[in-house]
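In what follows, a single structure is set out as structure tokens and then discussed.
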There are 2 protein chains.
Amino acid sequence: MNIGEVAERSGIPPKTIRYYEDIGLIRPQRSGNGYRAFRELDVHKLAFLGRARALGFSIEDCRTLLSLYEDESRESAQVKAIAEEHLTAIDEKITQLQSMRETLSHLIKSCHGDHRPDCPILSDLAGDPTVVRTVSSLANKAAK
Amino acid sequence: MNIGEVAERSGIPPKTIRYYEDIGLIRPQRSGNGYRAFRELDVHKLAFLGRARALGFSIEDCRTLLSLYEDESRESAQVKAIAEEHLTAIDEKITQLQSMRETLSHLIKSCHGDHRPDCPILSDLAGDPTVVRTVSSLANKAAK
DNA sequence: ATTGAGCCTCCAGTCACTGGAAGCCCTATA
DNA sequence: TATAGGGCTTCCAGTGACTGGAGGCTCAAT
């Protein structure tokens, strides 16, 4: 199987497949003409990677998950630990984004959005404490 | 004012301040010894940038926001439009993360997390449809 | 005079790809 | 048989927003 067909079947673009080989996630064989020769196993691995990436796992997590998948003496606790750590990271990101969202939507609501220059969004960014006043506390959090 | 004091007062690390000068966000003057010589204006701008970044605006958005801030003939609608577009992007990210979170937490719940190798998380990543079956739909979405 | 902190520039690395250039290989058609 | 094209190859560079480190200059205090 050539890279094009594998890309089609796994949903991973050719460029990315080559990249994954570069960093050692897959090791396709080679044909006499220098083309990569993929087996079913490779397609399977790539699909695995695609799903893991879609869940937001880092490449290094994917590497570990793949090696656990291939390790018949693994303990499911190892996998679960990685997943739980990742879930925690996702929760933190969500919390941070929701905090931004909160502040931003308040600011947007308070802005007329017309032809006049007066703008509470800019005033707040400029540090004017007479307006909505929620961003600087956010900035403090981000700095920590 | 030297860079250290400015970093302290604005909350932006020295490295980042130099970077912001590199990309033209600020233009501090120079002393005879080659040190950057910051004025109050610069500190103010850096604090502005810090707050905008804390709200998740991209550097290019920050550049535009800063120029609007300095433009007395701006229209608040221009600022509001940028903020609204950013809010939409944040909402999309939150939605995507929540979808990951959903799937991941289901998988985690279904995994015993003990010394045995059986693991629904890995089964799902491997594409086994007999298990929880939520990731592949997620992968499809991400591919689009 | 020396020490140490603070400042300078420049280069490289992060993460996970993605785009593009230059060139080889394979198949089909004229 | 010549050629056109599409697919494959490698290698290099760029993305965003910094961050770390090396090597070296300046300044204030001892």
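Labels below follow one simple rule: chain letters A, B, ... track the order of the sequence lines, proteins then strands, and each chain is numbered from 1.
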(message) I need the B/L49 CG to B/L65 CG distance, nearest 0.5 Å.
(response)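 These two atoms lie 9.5 Å from each other.
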(request) Could you grab the distance from atom CG of A/D114 to atom NZ of B/K80, nearest 0.5 Å is fine? (result)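 A/D114 CG to B/K80 NZ: 8.5 Å, rounded to 0.5 Å.
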Please set out all donor-acceptor pairs under 3.5 angstrom arising from side-chain atoms of residues 87-94 of chain B, sequence neighbours excluded.
unit_1: B/T88; atom_1: OG1; unit_2: B/E84; atom_2: O; d: 3.0
unit_1: B/D91; atom_1: OD1; unit_2: A/R101; atom_2: NH1; d: 2.6
unit_1: B/D91; atom_1: OD2; unit_2: A/R101; atom_2: NH1; d: 2.8

(message) Do the side chains of B/R27 and B/E21 get close enough for a salt bridge, i.e. N-O under 4.0 angstrom?
(response)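 No.
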Between the protein and nucleotides 13-18 of chain D, are there any N/O to N/O pairs under 3.5 Å, and if so, what are the atom names and distances?
unit_1: D/dA17; atom_1: OP1; unit_2: B/I59; atom_2: N; d: 3.4
unit_1: D/dA17; atom_1: OP2; unit_2: B/I59; atom_2: N; d: 3.4
unit_1: D/dA17; atom_1: O3'; unit_2: B/R53; atom_2: NH2; d: 3.3
unit_1: D/dC18; atom_1: OP2; unit_2: B/Y20; atom_2: OH; d: 2.6
unit_1: D/dC18; atom_1: OP2; unit_2: B/R53; atom_2: NE; d: 2.9

(request) By nearest nucleotide on DNA chain C, pick out whichever of A/P13 and A/G32 is the more 5' one. (result)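 By nearest-heavy-atom nucleotide position, the 5'-most residue is A/P13.
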(request) List the atom of A/I121, the atom of A/L107, and the distance in Å for their closest heavy-atom pair. (result)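 In this case the closest contact between A/I121 and A/L107 is CG1-O, 3.7 Å.
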(request) Can you tell me the distance, in whole Å, between the CG atom of A/L25 and the C1' atom of C/dC15? (result)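 Rounding to the nearest Å, CG of A/L25 and C1' of C/dC15 are 13 Å apart.
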(message) When you measure from the side chain of B/R18 to the backbone of B/D22, do you find a donor-acceptor pair of N or O atoms at a distance under 3.5 Å?
(response)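 No, B/R18 side chain to B/D22 backbone: no donor-acceptor pair under 3.5 Å.
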I'd like a table of donor-acceptor pairs (distance under 3.5 Å, sequence neighbours excluded) in which one partner is a side-chain atom from residues 1-12 of chain B, with atom names and distances.
unit_1: B/R9; atom_1: NH1; unit_2: B/E40; atom_2: OE2; d: 3.1
unit_1: B/R9; atom_1: NH2; unit_2: B/E40; atom_2: OE1; d: 2.8
unit_1: B/R9; atom_1: NH2; unit_2: B/E40; atom_2: OE2; d: 3.3
unit_1: B/S10; atom_1: OG; unit_2: B/V6; atom_2: O; d: 2.8
unit_1: B/S10; atom_1: OG; unit_2: B/I12; atom_2: N; d: 3.2

(message) More than 12 heavy atoms of other residues, nucleotides or ligands under 6.0 Å from CD of B/E85: yes or no?
(response)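 For B/E85, atom CD is not crowded (no more than 12 foreign heavy atoms under 6.0 Å).
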(request) Take the C1' atoms of the five end pairs on each side of the helix from C/dA1-D/dT30 to C/dA30-D/dT1, derive the two axes, and give their angle rounded to 10 degrees. (result)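 Taking the rotation axis at each end, their angle is 30°.
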Listed pairs, N/O of protein and of nucleotides 4-10 of chain C, under 3.5 Å:
unit_1: C/dG6; atom_1: N2; unit_2: B/Y35; atom_2: OH; d: 2.7
unit_1: C/dC7; atom_1: OP1; unit_2: B/G4; atom_2: N; d: 2.9
unit_1: C/dC8; atom_1: OP1; unit_2: B/R36; atom_2: N; d: 2.7
unit_1: C/dC8; atom_1: OP1; unit_2: B/R36; atom_2: NH1; d: 2.9
unit_1: C/dC8; atom_1: OP2; unit_2: B/R18; atom_2: NE; d: 3.1
unit_1: C/dC8; atom_1: OP2; unit_2: B/R18; atom_2: NH2; d: 3.1
unit_1: C/dC8; atom_1: OP2; unit_2: B/R36; atom_2: NH1; d: 3.1
unit_1: C/dC8; atom_1: O5'; unit_2: B/R36; atom_2: NH1; d: 3.3
unit_1: C/dT9; atom_1: OP1; unit_2: B/R30; atom_2: NH1; d: 3.2
unit_1: C/dT9; atom_1: OP1; unit_2: B/R30; atom_2: NH2; d: 3.2
unit_1: C/dT9; atom_1: OP2; unit_2: B/R36; atom_2: NH1; d: 3.1
unit_1: C/dT9; atom_1: OP2; unit_2: B/R36; atom_2: NH2; d: 2.7

Can you give the donor-acceptor pairs under 3.5 Å from side chains of residues 41-48 of chain A to other protein atoms, not counting sequence neighbours?
unit_1: A/D42; atom_1: OD2; unit_2: A/R39; atom_2: N; d: 2.9
unit_1: A/H44; atom_1: NE2; unit_2: A/Y69; atom_2: OH; d: 3.2
unit_1: A/K45; atom_1: NZ; unit_2: A/E70; atom_2: OE2; d: 3.0

(message) Any donor-acceptor pair under 3.5 Å linking the side-chain atoms of A/S76 with those of B/D118?
(response)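 No.
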